[in-house]
Amino acid sequence: MTPQKFRTPMTDLFGIDHPLICGGMMWLANADYVAAVARAGGIGFITPRSFPTPEDFRAELRRAHDLADGKPFGVNLYISARPEANELLQVFLDISIAEGVKFVETAGFSPKAFLPKIKDAGITVVHKCTTLRHAQSAERAGVDAIIILGAEAGGHPGMDMIGTMVQGAIVPSQLGVPVALAGGMGTGRQLMACLALGADAMVLATRMVVAQEIWAHEGYKRRLTELGPDGTKIIMSIFGDNSRVIDNASAAAVLALEARGVTDFEAYRPHVGGGLQREAYEDGDWNKGTMSIGQSVAFADRIEPVETIIDGIMAEAAAVGDRLARLTV
């Protein structure tokens, strides 16, 4: 592991060596991955909905504890707008508490209803959101840190589509908790930009999908290494729920439906179902399913271990620091 080069409020909060957060990724963020991130000096978050049953999730947490060599990792809790969809979150949270999880990444809708139980268990909470107003609301509710997404992010970057550089120049100065920037991130140059903007960490997701520890099919990973920043599409805008995904046949089918003004979700289900995405990860057929991919796919240019990716980012950040020092008069 690269020795620590930067100490920020976020590295102190999580007890990590590098200001690098690897956000939860549906289907992909398992024990092998988050433990590799932990050993490399960052923090990653297991996605409990990726496992068949709550007990499978519990077993994965125990595996992560065994693999992480005592380094910190966390759990991602995605909060839905539908109360019935959140019933299982209480189960995941109970399991996380029982298994000694110390860090939770919340995303989606407000975590307010879950915070008393989380905080009573002594768990640190970082909330992922897409606007300053939502970040301020989460801070008032009691979260310990914020991840702010820019428009470049894979998955759900919000409807306002504010770029990461603009988010970074606005949000950290308006909050009293540590802030991490997400969306299109994947290099040491960007890490230095995050710190210069006043943020305390950088968030990686798409950049890490090509890591060797990610279980997805090598054929899918190879496809990602071929893509540039134009290799994504925004879909589902017709439902007020922008989703940035890989540019493939499924995305094209969804965009065709949107162009026709179709608002019956059932017409979209054959293209956007989560099961189809998992199949693509399993068999490598990247042309089916709407897999979340951000513009940082441009930096995912080779398949290599997590530690190599993180070490490379930190080495580049140090080189940028040296360059800035030479430019100073």
Side-chain angles (χ1 to χ4, degrees), residues 8-10 12-14 19 21 23-24 26 43 45 47-49 74-90 92-93 96 101-185 194 197-203 205 236-237 239-244 292 294:
T8 74
M10 200 72 85
D12 287 348
L13 184 68
F14 290 123
I21 297 172
M26 183 61 182
I43 187 168
F45 295 85
T47 46
R49 294 186 188 274
V75 167
N76 170 280
L77 296 178
Y78 183 83
I79 302 165
S80 173
R82 297 178 293 114
E84 66 275 13
N86 290 329
E87 292 177 3
L88 198 53
L89 286 188
Q90 296 288 357
F92 293 147
L93 184 53
S96 298
V101 170
K102 298 301 182 186
F103 304 100
V104 163
E105 174 194 55
T106 55
F109 282 75
S110 172
K112 186 174 182 178
F114 297 88
L115 284 177
K117 187 172 189 176
I118 294 172
K119 302 297 287 184
D120 285 348
I123 294 175
T124 296
V125 185
V126 56
H127 183 62
K128 184 186 296 180
C129 50
T130 62
T131 68
L132 174 60
R133 67 181 182 278
H134 290 136
Q136 290 171 326
S137 176
E139 181 182 24
R140 289 193 297 270
V143 303
D144 300 290
I146 290 290
I147 293 171
I148 190 77
L149 287 174
E152 301 91 334
H156 301 280
M159 296 304 292
D160 291 343
M161 297 298 283
I162 302 169
T164 304
M165 285 293 285
V166 175
Q167 296 275 44
I170 294 173
V171 175
S173 65
Q174 300 298 311
L175 298 177
V177 296
V179 174
L181 293 184
M185 297 297 183
C194 289
L197 286 166
D200 303 294
M202 179 173 82
V203 179
M236 307 302 279
S237 301
F239 294 103
D241 187 23
N242 282 342
S243 183
R244 188 181 293 280
S292 296

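- The closest side-chain heavy-atom distance from F114 to T106 is not below 4.5 Å.
- At least one side-chain heavy atom of V143 sits under 4.5 Å from a side-chain heavy atom of P111.
- Looking at every heavy atom in both residues, E105 comes nearest to G23 through OE2-CA, 3.5 Å.
- A 4.5 Å side-chain heavy-atom check between R133 and D160 finds at least one atom pair inside the cut-off.
- Closest non-hydrogen pair, H156 versus L149, comes out as O-CD1, 3.5 Å.
- Put simply, CD1 on I170 and CD1 on I148 are 9.5 Å apart, with the number rounded to the nearest 0.5 Å.
- Listed here is the closest heavy atom pair of L115 and A141: CD1-O, 3.3 Å.
- Listed for the T164 side chain is a donor-acceptor partner under 3.5 Å among the backbone atoms of G183.
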With side-chain contact (heavy atoms from CB on, under 4.5 Å) as the criterion, how do L197 and L181 come out once you've worked through the C-alpha distance, each side chain's angles and the decisive distance to 0.1 Å?
CA-CA 10 Å; L197 286 166; L181 293 184; 3.9 Å; yes

Report the C-alpha distance between V177 and D144 in whole Å, list the side-chain angles of each, state the deciding distance to 0.1 Å, and finish with yes or no for side-chain contact (heavy atoms from CB on, under 4.5 Å).
CA-CA 6 Å; V177 296; D144 300 290; over 6 Å; no

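- To the nearest 0.5 Å, atom CG of residue L89 and atom NZ of residue K117 are 10.5 Å apart.
- Remark: M26 CE is packed, more than 12 non-hydrogen atoms of other residues, nucleotides or ligands lying under 6.0 Å away.
- Inter-residue side-chain proximity for V126 and F45 is flagged as met; some heavy-atom pair is nearer than 4.5 Å.
- With no hydrogens or angles considered, a side-chain donor-acceptor pair links S237 and N242 at under 3.5 Å.
- The heavy-atom pair separating L77 from P48 by the smallest distance is CD2-CG, 4.2 Å.
- Remark: M10 CE to I146 CD1 distance equals 9.0 Å, nearest 0.5 Å.
- Shown here for V125 and I118, the closest heavy-atom pair between the two residues is CG2-CG2, 3.2 Å.
- Contact record, R49 with Y78: NH2-O, 3.8 Å, taken as the closest heavy-atom pair.
- Inter-residue side-chain proximity for I123 and K119 is flagged as unmet; no heavy-atom pair is nearer than 4.5 Å.
- Atom CD1 of residue I43 and atom OG1 of residue T124 lie 8.5 Å apart, to the nearest 0.5 angstrom.
- Using a 3.5 Å distance cut-off with no hydrogens or angles, the side chains of T131 and H134 do pair a donor with an acceptor.
- The main-chain N or O of P157 is never found under 3.5 Å from a side-chain atom of R244 such that the two would form a donor-acceptor pair.
- For the atom pair F14 CZ and D200 CG, the distance stands at 10.5 Å (nearest 0.5 Å).
- For the atom pair M185 CE and C194 SG, the distance stands at 3.5 Å (nearest 0.5 Å).
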